[in-house]
Novice: 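Sharing a structure here in C-alpha cells format.
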Amino acid sequence: EKITVSKQGNMPLYFTAYQQFQNRQPEKVSKDFEVKSYFMQNGFEAKELKGGKTTLLRVEVTARADAEYVMVEVPIPAGCSYENKRQSFWGIETHREYFKNKTSIFCTRLSQGKYIFDIELMPRYSGVYHLNPAKAEMMYFPVFYGREGMKKVAIK
C-alpha cells in the first residue's frame with residue numbers, strides 16, 4: 001500500500017521501512033555479518049550426529065563493522081533438544097532466550113571482528129532434518145544482517 005511521510009521542523013527524521021516474507025530457498029548473505037554454524041561432537045566437527053551424545057552447535061559471527069544491539073538467531077534441528085540452557089553473564093552476550101525451535105542471543109555491542117557462540121544440544125531422534133539458516137541482524141535496523149543458506153543434518 002502507499003505510504004506517506006511528512007516532516008516539519010529542523011530536527012532530523014530517521015525513517016526505516018522494510019517488508020518481511022517467507023523465503024523458501026534462502027541463499028547465504030554476507031553483507032554486514034558473516035554467519036557460519038556447524039556441529040561438534042567429542043571436540044571435532046561432525047557432519048552426522050550420534051544420538052544420545054552431547055553436541056555443540058557452534059555459531060561463528062564475523063561483524064564487518066562495529067554494530068550495536070545485535071541479535072543472533074540460531075535454529076535448532078527438530079531431532080534435537082537442549083542439553084543445557086546456560087546464560088552467559090560475561091563477555092559479549094547480554095542475554096539468551098531458548099525457544100523450542102531456535103535460540104536468540106542478544107549482544108549490546110559487537111565491535112568489528114569474529115565471535116563464537118555455543119549451544120549445547122542432545123540429538124534424540126534419528127532421521128534427516130532440515131536446518132534453517134542461522135542469522136545475525138541489528139535489532140533496530142534489521143536491513144543490516146547476514147545469514148547462512150539452508151542445511152541438512154542427519155542423526156543416527
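Just so you know, residue 1 is the first one in the sequence shown, and it goes up from there.
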Novice: Nearest 0.5 Å, what's the CD-CG distance between E93 and L110?
Specialist: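 Nearest 0.5 Å value for the CD-CG distance: 10.0 Å.
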
Novice: What is the minimum heavy-atom distance between L131 and I76, and which atoms define it?
Specialist: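 Distance-wise, the nearest heavy atoms are CD1-C, 4.2 Å.
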
Novice: Answer yes or no: is there a side-chain heavy-atom contact under 4.5 Å between D32 and V143?
Specialist: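 No, too far: nothing below the 4.5 Å cut-off.
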
Novice: Anything under 3.5 Å between a donor and an acceptor, one on a side chain of residues 117-126, the other on a protein residue two or more places apart or in another chain? List them.
Specialist:
from, atom 1, to, atom 2, distance (Å)
D118, OD1, R58, NE, 2.7
D118, OD2, R58, NH2, 2.9
E120, OE2, R86, NE, 2.7
E120, OE2, R86, NH2, 3.2
R124, NE, S81, OG, 2.5
R124, NH2, S81, OG, 3.4

Novice: Answer with yes or no whether the hydrophobic clustering places I3 together with L13; edges join I, L, V, M, F, W, Y residues whose side-chain heavy atoms lie under 4.5 Å apart.
Specialist: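 Yes; L13 is reachable from I3 via cluster members.
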
Novice: Between the side chain of K7 and the main-chain N/O of M11, is any donor-acceptor distance below 3.5 Å?
Specialist: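 A pair under 3.5 Å: yes.
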
Novice: Within this structure, what is the NE2-SG distance for the pair H95 and C107, rounded to the nearest 0.5 Å?
Specialist: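 Reported value, rounded in 0.5 Å steps: 12.0 Å.
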
Novice: Is K28 atom NZ crowded by more than 12 heavy atoms from other residues, nucleotides or ligands, each under 6.0 Å away?
Specialist: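 Yes, NZ of K28 has more than 12 neighbouring heavy atoms, counting only those of other groups under 6.0 Å.
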
Novice: Tell me whether the centres of the aromatic rings in Y145 and F33 are closer together than 6.0 Å.
Specialist: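 They do not qualify: ring centres at least 6.0 Å apart.
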
Novice: Hey, any chance L56 and V72 share a hydrophobic cluster, counting ILVMFWY side chains that come within less than 4.5 Å of each other, even indirectly?
Specialist: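 No, no single cluster joins them.
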
Novice: Hey, mind stepping through K36 and E34 against side-chain contact (heavy atoms from CB on, under 4.5 Å) and telling me if it holds?
Specialist: CA-CA 7 Å; K36 177 184 175 191; E34 184 174 338; 5.8 Å; no

Novice: Do I105 and M40 belong together in a cluster built from hydrophobic side chains that touch within less than 4.5 Å?
Specialist: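 I105 does not cluster with M40.
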
Novice: Give me the atom names and distance for the closest heavy-atom approach of R109 to I92.
Specialist: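 That closest heavy-atom pairing would be O-CD1, 3.0 Å.
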
Novice: Stepwise, does the side-chain contact (heavy atoms from CB on, under 4.5 Å) test hold for K53 with N42?
Specialist: CA-CA 9 Å; K53 286 198 165 240; N42 300 322; 3.9 Å; yes

Novice: I'd like to know if the side chain of S104 pairs up with that of E97 as donor and acceptor (distance under 3.5 Å, no hydrogens or angles considered).
Specialist: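 Result is no, nothing qualifies.
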
Novice: Would you please test L57 and V74 for side-chain contact (heavy atoms from CB on, under 4.5 Å) and show each step?
Specialist: CA-CA 9 Å; L57 174 49; V74 186; 3.6 Å; yes

Novice: Would you mind telling me which of R64, E137, M138 makes a side-chain contact (heavy atoms from CB on, under 4.5 Å) with F144?
Specialist: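 The passing option is M138.
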
Novice: Would you please classify the geometry between the Y82 ring and the Y98 ring as parallel, tilted or perpendicular, with 30° and 60° separating the classes?
Specialist: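 Correct class here is perpendicular.
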
Novice: To the nearest 0.5 Å, what is the distance between OG1 on T108 and CD on E68?
Specialist: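 T108 OG1 to E68 CD: 8.5 Å, rounded to 0.5 Å.
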
Novice: Does F106 share a hydrophobic cluster with Y115, counting links as ILVMFWY side-chain heavy atoms below 4.5 Å and allowing steps through other members?
Specialist: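 Yes.
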
Novice: Surrounding NZ of K31 (heavy atoms of other residues, nucleotides or ligands, distance under 6.0 Å), is the total greater than 12?
Specialist: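 More than 12 heavy atoms, drawn from other residues, nucleotides or ligands, come within 6.0 Å of this atom.
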
Novice: Which atom pair, heavy atoms only, marks the closest approach of P75 to A134?
Specialist: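 Here P75 and A134 meet closest at CD-CA, 3.7 Å.
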
Novice: Starting at CG of L49, measure out to CD of Q41 and round the result to the nearest 0.5 Å.
Specialist: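 These two atoms lie 5.0 Å from each other.
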
Novice: Please tabulate, one pair per line, all N/O donor-acceptor pairs under 3.5 Å involving side-chain atoms of residues 146-156, not counting sequence neighbours.
Specialist:
from, atom 1, to, atom 2, distance (Å)
R147, NE, E27, O, 2.9
R147, NH2, E27, O, 3.4
E148, OE1, S37, OG, 2.6
E148, OE2, S37, N, 2.7
E148, OE2, S37, OG, 3.4
E148, OE2, K151, NZ, 3.0
K151, NZ, S37, O, 2.3
K151, NZ, S37, OG, 3.4

Novice: Would you say NZ of K100 has more than 12 non-hydrogen atoms from neighbouring residues, nucleotides or ligands within 6.0 angstrom?
Specialist: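 Counting neighbours around NZ of K100, 12 or fewer heavy atoms of other residues, nucleotides or ligands fall under 6.0 Å, so no.
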
Novice: Check this for me: H130, atom NE2, are more than 12 non-hydrogen atoms of other residues, nucleotides or ligands nearer than 6.0 Å?
Specialist: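 No.
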
Novice: Tell me, do V59 and I116 make a side-chain contact under 4.5 Å, heavy atoms counted?
Specialist: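 Counting from C-beta outward, V59 and I116 never come under 4.5 Å.
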
Novice: Any chance OH of Y140 has more than 12 other-residue heavy atoms, nucleotides or ligands included, within less than 6.0 Å?
Specialist: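 Counting other residues, nucleotides and ligands, OH of Y140 stays at 12 neighbours or fewer.
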
Novice: Between P133 and P26, which heavy-atom pair has the shortest distance, and what is it?
Specialist: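 What the structure gives for the nearest pair is CG-CG, 3.6 Å.
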
Novice: Less than 3.5 Å apart, any donor N or O on the side chain of Y38 or E60 sitting next to an acceptor on the other?
Specialist: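 Per modelled atom types, Y38 and E60 side chains form a pair under 3.5 Å.
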
Novice: Quick one, E48 with F39, criterion side-chain contact (heavy atoms from CB on, under 4.5 Å). Give me CA distance, side-chain angles, the key distance, then yes/no.
Specialist: CA-CA 8 Å; E48 186 176 275; F39 294 97; over 6 Å; no

